[in-house]
Amino acid sequence: MKPEAQLAELKRGVVDLHVEADLLERLSEGRPLKIKAGFDPTRPDLHLGHTVLLNKMRQFQDLGHDVVFIVGDFTAQIGDPSGRSSTRPVPTREEIEEGARTYAEQAFKILDKKRTQIVYNGEWLGKMAFDDVIRLAGKYTLARMMERDDFKRRWAEHVSISLHELLYPLAQAYDSVVLECDVEIGGTDQLFNLLVGREIMREMGQRPQIVMTTPLLEGINARIENGKIVGAKMSKSLDNYVGVDEAPKEQLGKLMSLSDDLMWRYYELLSNAPEAEVQRLKRACAAGELNPRDAKIALAKEIVSRYHGAREADAAEASWLAQFSKREIPDDMPEHEVALEEEDVWIPKLLSDLGLVKSSSEGRRRIQQGGVEIDGDRISDPQAKLPKGGPYVIKAGKRAWATVTLK
RNA sequence: GGAGGGUUGCCCGAGCGGUCAAAGGGAGCAGACUGUAAAUCUGCCGGCUUAUGCCUACGGUGGUUCGAACCCACCACCCUCCA
């Protein structure tokens, strides 16, 4: 592919690009470029937010370039400075390796294995002596470090900044020096770190890397207010994520719970559909010609098929439609058998024992709110009991189903 | 080293002796509605089966008080300012 065409392709969905002319120049050199991206191996569960970046890396690979996948084992051993209030336990060597392994395993659902090299930055960072560190630190200034947005903000808001946090960007920059990479990519929150890489490479007499950032995807519970997206970025700890490894039904369901507005953001960042097609869908929904639900299903299926295949996506769609659109009984609910000492059991207690609700108090509430059905009959009395027998089909809310036999 | 401010439920945040299981918002849940697990509306949102009841909870430990998230002492952690 022509360098200009490659550039156009690579620029899609990218927020920052420093420096475009330089990228074009390197693409014109006709050699595979070295693309670097770093990952924190302590939380190895990949979700759709990570895939925005991985998709971009894959795009480079498809254009014939090589990806260096840096496992931040060294930085992980020091601990993430941003988690200030909750001091995270320092992971062991084994945990890091295990994390890196599962991370890579999931990443290869997107990346091309043949064009990916995995390296650990502990290989070189771990060998640096204190004077090496001081020399490296001498290449940057506090004033420049404080240009960083979150440092500036934390400083203004009187939130503490530890000294070692100032060293992080330098460590990451040094990775680039060691690897002599052409391009480093990361989320927009990484912009500063990536730019420090340029600076340090120049200081060390190297050609500064090209820096590219991809947007951060908001979590599935984000809202749109006055045209702006309100809500935290996708993360496992906030439980607003869709995991790459999750079951098809779960992925589809979570994606269907996106608000109609937010769906377009997901289209933009995750779909491979051409820009023009997305715009067409958007207009059709706005005009009332297309049910937003159907646009959402199309998106959800595209994503589910990417990780599980088209057949699974179809199956997930069918069961979703049956359960939530037609309100049928799901086909795959868990089956339980409970041995009773008495002749019957208080229903809220049973719901709690089956794990359908967190406590019998909640079970009682759910009955009062009309959310509990047994064999299709709504239970309205929170004192109600269920005699031995069954199997009973129990519904305790939209998504909590089970069958149970009482013995 | 000195002076001051702070630590509240899943998160943010109000409360500053009783009427506090603790305002408000977010998240979550249920119901209604719906072509969506969208939007909107209503309700719920510590636990204990039956409760104008009990237990647990407002950083930790003690204390004052008939009574403490609220007052006092000490401890821990965080922040700011002056050195």
Side-chain angles (χ1 to χ4, degrees), chain A residues 81 83-87 153-162 218-225 229-242 246-267 281-282 284-286 288-301 304 316-328 330 342 344-353 355-373 378-386 395-401:
Chain A
R84 191 180 51 83
S85 55
S86 56
T87 355
R153 203 193 62 243
R154 283 163 67 183
W155 184 259
E157 290 172 5
H158 307 315
V159 177
S160 72
I161 303 169
S162 310
E218 291 77 15
I220 52 176
N221 58 0
R223 295 159 287 134
I224 309 274
E225 278 174 21
I229 304 176
V230 180
K233 65 179 180 178
M234 183 174 283
S235 82
K236 189 159 193 205
S237 53
L238 293 176
D239 197 23
N240 61 1
Y241 70 102
V242 178
E246 282 188 280
K249 260 185 89 165
E250 201 59 28
Q251 291 183 336
L252 188 104
K254 283 184 175 184
L255 289 166
M256 290 309 290
S257 79
L258 295 177
S259 78
D260 291 353
D261 293 325
L262 188 64
M263 157 172 75
W264 302 113
R265 172 73 169 166
Y266 276 53
Y267 254 111
L281 291 174
K282 199 169 176 177
C285 283
E289 291 155 16
L290 176 65
N291 180 355
R293 186 197 65 173
D294 295 328
K296 212 184 286 176
I297 286 183
L299 173 68
K301 281 180 70 181
V304 174
E317 176 193 18
S319 89
W320 185 84
L321 283 173
Q323 191 173 344
F324 297 106
S325 220
K326 299 182 198 145
R327 308 213 161 190
E328 287 167 5
E342 322 252 319
D344 48 22
V345 59
W346 184 44
I347 292 173
K349 178 85 168 64
L350 177 67
L351 297 179
S352 161
D353 287 346
L356 296 175
V357 296
K358 282 207 258 349
S359 64
S360 55
S361 296
E362 191 183 326
R364 159 207 294 261
R365 264 181 241 128
R366 217 169 275 194
I367 289 174
Q368 284 165 343
Q369 298 185 124
V372 177
E373 288 176 18
R378 177 169 290 183
I379 307 297
S380 52
D381 176 12
Q383 305 312 329
K385 296 189 170 191
L386 194 61
K395 179 190 186 195
K398 275 183 269 207
R399 289 190 270 165
W401 291 83

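Within every chain, numbering begins at 1; the chains are lettered A, B, ... in the order of the sequence lines, protein sequences first and strands thereafter. None of the values given here were measured: they were computed from a predicted structure. Both backbone and side-chain heavy atoms feed into the values below; hydrogens, waters and symmetry mates do not.
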Novice: Hunt down the Watson-Crick or G-U wobble partner of B:A73, both distances under 3.5 Å, from any strand shown, or write none.
Specialist: B:U61

Novice: Considering only NZ, NE, NH1 and NH2 on the basic side and carboxylate oxygens on the acidic side, decide whether A:E342 and A:K385 come within less than 4.0 Å.
Specialist: no

Novice: When the nearest nucleotide of RNA chain B is assigned to A:N221 and to A:E289 on a heavy-atom basis, which residue is associated with the more 5' position?
Specialist: A:N221

Novice: Taking A:A222's backbone N and O only, do any of them form a donor-acceptor pair with A:N240's side chain (distance below 3.5 Å, no angle check)?
Specialist: no

Novice: Does B:U50 have a Watson-Crick or wobble partner in any strand here, with both distances under 3.5 angstrom, and which is it?
Specialist: none

Novice: Can you check whether A:R378 has a side-chain N or O nearer than 4.0 Å to OP1 or OP2 of B:A32?
Specialist: yes

Novice: Please measure how far the C1' atom in B:G17 lies from the corresponding atom in B:C66, and state the result in whole Å.
Specialist: 12 Å

Novice: Looking at B:U49 and A:W346: do their rings stack (centroid distance under 5.5 Å, interplanar angle under 30°)?
Specialist: yes

Novice: Is A:L258 touching bases, backbone alone, or none of the nucleic acid, heavy atoms closer than 4.0 Å?
Specialist: sugar-phosphate

Novice: Without swapping roles, check the side chain of A:R366 against the backbone of A:A396 for a donor-acceptor pair under 3.5 Å.
Specialist: yes

Novice: Distance-only, no hydrogens or angles: does the A:S259 side chain make a donor-acceptor pair with backbone N or O of A:L262 under 3.5 Å?
Specialist: yes

Novice: Consider the side chain of A:R364, meaning its heavy atoms from C-beta on, and name the nucleotide among B:A51, B:A38, B:C48 that approaches it most closely.
Specialist: B:A51

Novice: When you get a sec, tell me which of B:G31, B:C44, B:U49 is the closest nucleotide to the side chain of A:Q369?
Specialist: B:C44

Novice: Heavy-atom distance under 4.5 Å between the side chains of A:M256 and A:F324, does that happen here?
Specialist: no

Novice: Please determine, for the side chain of A:R399, which listed nucleotide (B:A37, B:G26, B:A38) has the closest atom?
Specialist: B:A37

Novice: Looking at B:U49, I'd like to know if its phosphate oxygens (OP1 or OP2) sit under 4.0 Å from a side-chain N or O belonging to A:R365.
Specialist: no

Novice: Write down the distance separating the C1' atoms in B:A22 and B:G15, rounded off to the nearest Å.
Specialist: 8 Å

Novice: Please tell me which of the listed nucleotides, B:C29, B:A38, B:G26, lies nearest to the side chain of A:R223?
Specialist: B:G26

Novice: Nearest to the A:P292 side chain among B:A37, B:U36, B:G26, which nucleotide is it?
Specialist: B:U36

Novice: Given that both distances must come in under 3.5 Å, which nucleotide forms a Watson-Crick or G-U wobble pair with B:G28?
Specialist: B:C44

Novice: Within less than 4.0 Å of OP1 or OP2 of B:G47, is there a side-chain N or O belonging to A:S359?
Specialist: yes

Novice: Is a donor-acceptor contact shorter than 3.5 angstrom present between the side chain of A:D260 and the base of B:U36?
Specialist: yes

Novice: On RNA chain B, check which nucleotide each of A:G370 and A:P382 is closest to and give me the residue with the more 5' one.
Specialist: A:G370

Novice: Side-chain donor or acceptor of A:K349 under 3.5 Å from a matching atom on the base of B:U49?
Specialist: no

Novice: OP1, OP2 of B:U49 versus side-chain N and O of A:S361: anything below 4.0 Å?
Specialist: no

Novice: Given B:U36, is OP1 or OP2 found less than 4.0 Å from the side-chain N or O atoms of A:S257?
Specialist: no

Novice: Would you say the side chain of A:D381 lies within less than 4.5 Å of the side chain of A:I367, judging by non-hydrogen atoms?
Specialist: no

Novice: Do A:R293 side-chain and B:A38 base share a donor-acceptor contact under 3.5 Å?
Specialist: no

Novice: Could you check which nucleotide pairs with B:A3 in any of the strands shown, counting Watson-Crick or G-U wobble with both distances under 3.5 Å?
Specialist: B:U80

Novice: Let's see if you can work this out: which of B:A37, B:U36, B:U49 has an atom nearest to the side-chain heavy atoms of A:K398?
Specialist: B:A37

Novice: I want to check a possible cation-pi pair here: A:K296 against A:Y266, using under 6.0 Å from ring centre and within 45° of the ring axis as the test.
Specialist: no

Novice: Would you classify A:G397 as touching base, sugar-phosphate or nothing, given that sugar-phosphate means primed atoms plus P, OP1 and OP2, and contacts are heavy atoms under 4.0 Å?
Specialist: sugar-phosphate

Novice: Expressed in whole Å, how much space separates the P atoms belonging to B:C55 and B:A68?
Specialist: 13 Å

Novice: Describe the nucleic acid contact of A:K358 in one word from base, sugar-phosphate, nothing, applying a heavy-atom distance below 4.0 Å.
Specialist: nothing

Novice: Does the structure show a Watson-Crick or G-U wobble partner for B:A39, both distances under 3.5 Å? Name it, or say none.
Specialist: none

